[in-house]
Amino acid sequence: MSTGTPDQKPAVLFVCVHNAGRSQMAAGFLRAIAGDRIDVFSAGSEPADQVNQVAVAAMHEVGIDIVGQTPAILTTDAVRNADVVITMGCGDACPVFPGKRYEDWELSDPAGLPIEDVRPIRDDVRGRVERLVATLV
């Protein structure tokens, strides 16, 4: 089942506070798994200056490169343009529009954690993204 119209790909927006760890890992997995079948975006309510380097390393271990990604500020337009909005610990910072599919993924924040503690978060994100893809394509 696709949330996009027949001639339009569904768009997924991942949102976390800093757009440096969880949302970047989720976007990386979704791009790798879905390819060009789904438009992928990520943003943060208070974006960091750069992507969490431990998250980058954890993703590199599974063959996904997120090193070139840059944290972005969450905008109302980003939410408006998404079919599915996945929030990860950003509370009420995300605007709500009717007709959108919203999910809140409770995931630990990898900020400041060693790679040994980021790997289980990464693996949890991968499983959630795989289940999400199954509902969209």
Side-chain angles (χ1 to χ4, degrees):
M1 176 182 90
S2 171
T3 56
T5 60
D7 59 342
Q8 178 185 9
K9 297 186 279 189
V12 175
L13 172 65
F14 294 104
V15 183
C16 68
V17 177
H18 300 296
N19 189 219
R22 297 167 288 190
S23 57
Q24 292 288 352
M25 289 190 291
F29 277 124
L30 186 53
R31 287 183 188 103
I33 294 167
D36 64 357
R37 297 176 295 169
I38 298 173
D39 287 330
V40 182
F41 305 95
S42 68
S45 54
E46 299 173 23
D49 294 333
Q50 64 180 10
V51 175
N52 178 330
Q53 294 305 301
V54 178
V56 170
M59 293 298 285
H60 180 74
E61 289 180 347
V62 294
I64 298 175
D65 183 5
I66 61 170
V67 75
Q69 300 303 313
T70 304
I73 186 75
L74 175 64
T75 65
T76 301
D77 283 342
V79 176
R80 185 178 289 122
N81 294 328
D83 297 299
V84 180
V85 179
I86 308 291
T87 58
M88 305 172 189
C90 60
D92 296 330
C94 190
V96 176
F97 292 100
K100 306 287 178 196
R101 174 177 159 190
Y102 290 87
E103 291 185 22
D104 184 48
W105 291 358
E106 291 188 27
L107 296 161
S108 297
D109 188 345
L113 298 178
I115 196 160
E116 298 78 28
D117 295 336
V118 174
R119 287 180 183 126
I121 298 168
R122 174 202 63 203
D123 296 342
D124 187 2
V125 169
R126 180 199 322 234
R128 291 170 188 256
V129 169
E130 288 170 345
R131 289 186 294 277
L132 175 66
V133 169
T135 69
L136 294 175
V137 295

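Given the structure is predicted, the values throughout are model-derived calculations rather than measurements. Positions are given from 1, in the same order as the sequence printed here.
- Each of Val79, Asn19, Val17, Val85 was scored for a side-chain contact (heavy atoms from CB on, under 4.5 Å) with Leu74, with one residue passing: Val79.
- Taking the side chain as every heavy atom from C-beta outward, Met25 and Phe14 never approach each other to under 4.5 Å.
- Counting only residues at least two apart or in different chains, side chain to side chain donor-acceptor pair (under 3.5 Å) contacts with residues 105-115 comprise Glu103-Trp105.
- Under the 4.5 Å side-chain criterion, counting only non-hydrogen atoms from C-beta, Gln24 is not in contact with Met59.
- Under a 4.0 Å N-O distance rule, the pair Arg119/Asp123 does not qualify as a salt bridge.
- Residues passing the salt bridge (charged side-chain N to carboxylate O under 4.0 Å, His left out) test with Asp77 are Arg80, sequence neighbours excluded.
- In this structure, Val84 and Thr135 have side chains that are not in contact, with every pair of non-hydrogen atoms separated by 4.5 Å or more.
- Interatomic distance, CG of Asp39 versus CG of Leu30, reported as 9.5 Å (0.5 Å rounding).
- Contact annotation: the side chain of Val54 approaches that of Ile115 to within less than 4.5 Å [non-hydrogen atoms, C-beta and beyond].
- A side-chain donor-acceptor contact under 3.5 Å links His18 to the backbone of Glu46.
- With sequence neighbours left out, the side chain to side chain contact (heavy atoms under 4.5 Å, CB included) criterion links Ile73 to Pro47, Thr75.
- The nearest pair of heavy atoms linking Ala58 to Val118 is CB-CG1, 3.9 Å.
- The NE2 atom of His60 sits 8.0 Å away from atom CG of Asp65, with the distance rounded to the nearest 0.5 Å.
- Within the 3.5 Å criterion, the main-chain N or O of Cys16 finds no donor-acceptor partner in the side chain of Arg22.
- Counting only heavy atoms from C-beta outward, the side chains of Val15 and Ser23 never approach each other to under 4.5 Å.
- Residue Gly21 comes nearest to Pro110 through the heavy atom pair CA-CG, 4.0 Å, listed as atom of the first residue, atom of the second, then distance.
- We find the CZ-CD1 distance between Arg126 and Ile64 to be 6.5 Å, quoted to the nearest 0.5 Å.
- Inter-residue side-chain proximity for Arg128 and Met88 is flagged as unmet; no heavy-atom pair is nearer than 4.5 Å.
- Contact check for Glu130 versus Ile33: side-chain heavy atoms found under the 4.5 Å cut-off.
- Using a 4.5 Å heavy-atom threshold, the side chains of Val62 and Phe29 count as touching.
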Residue pair Asp83, Leu136: steps toward the side chain to side chain contact (heavy atoms under 4.5 Å, CB included) verdict: CA-CA 10 Å; Asp83 297 299; Leu136 294 175; over 6 Å; no
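- Checking side-chain atoms of Tyr102 against main-chain N and O of Phe97 turns up a donor-acceptor pair under 3.5 Å.
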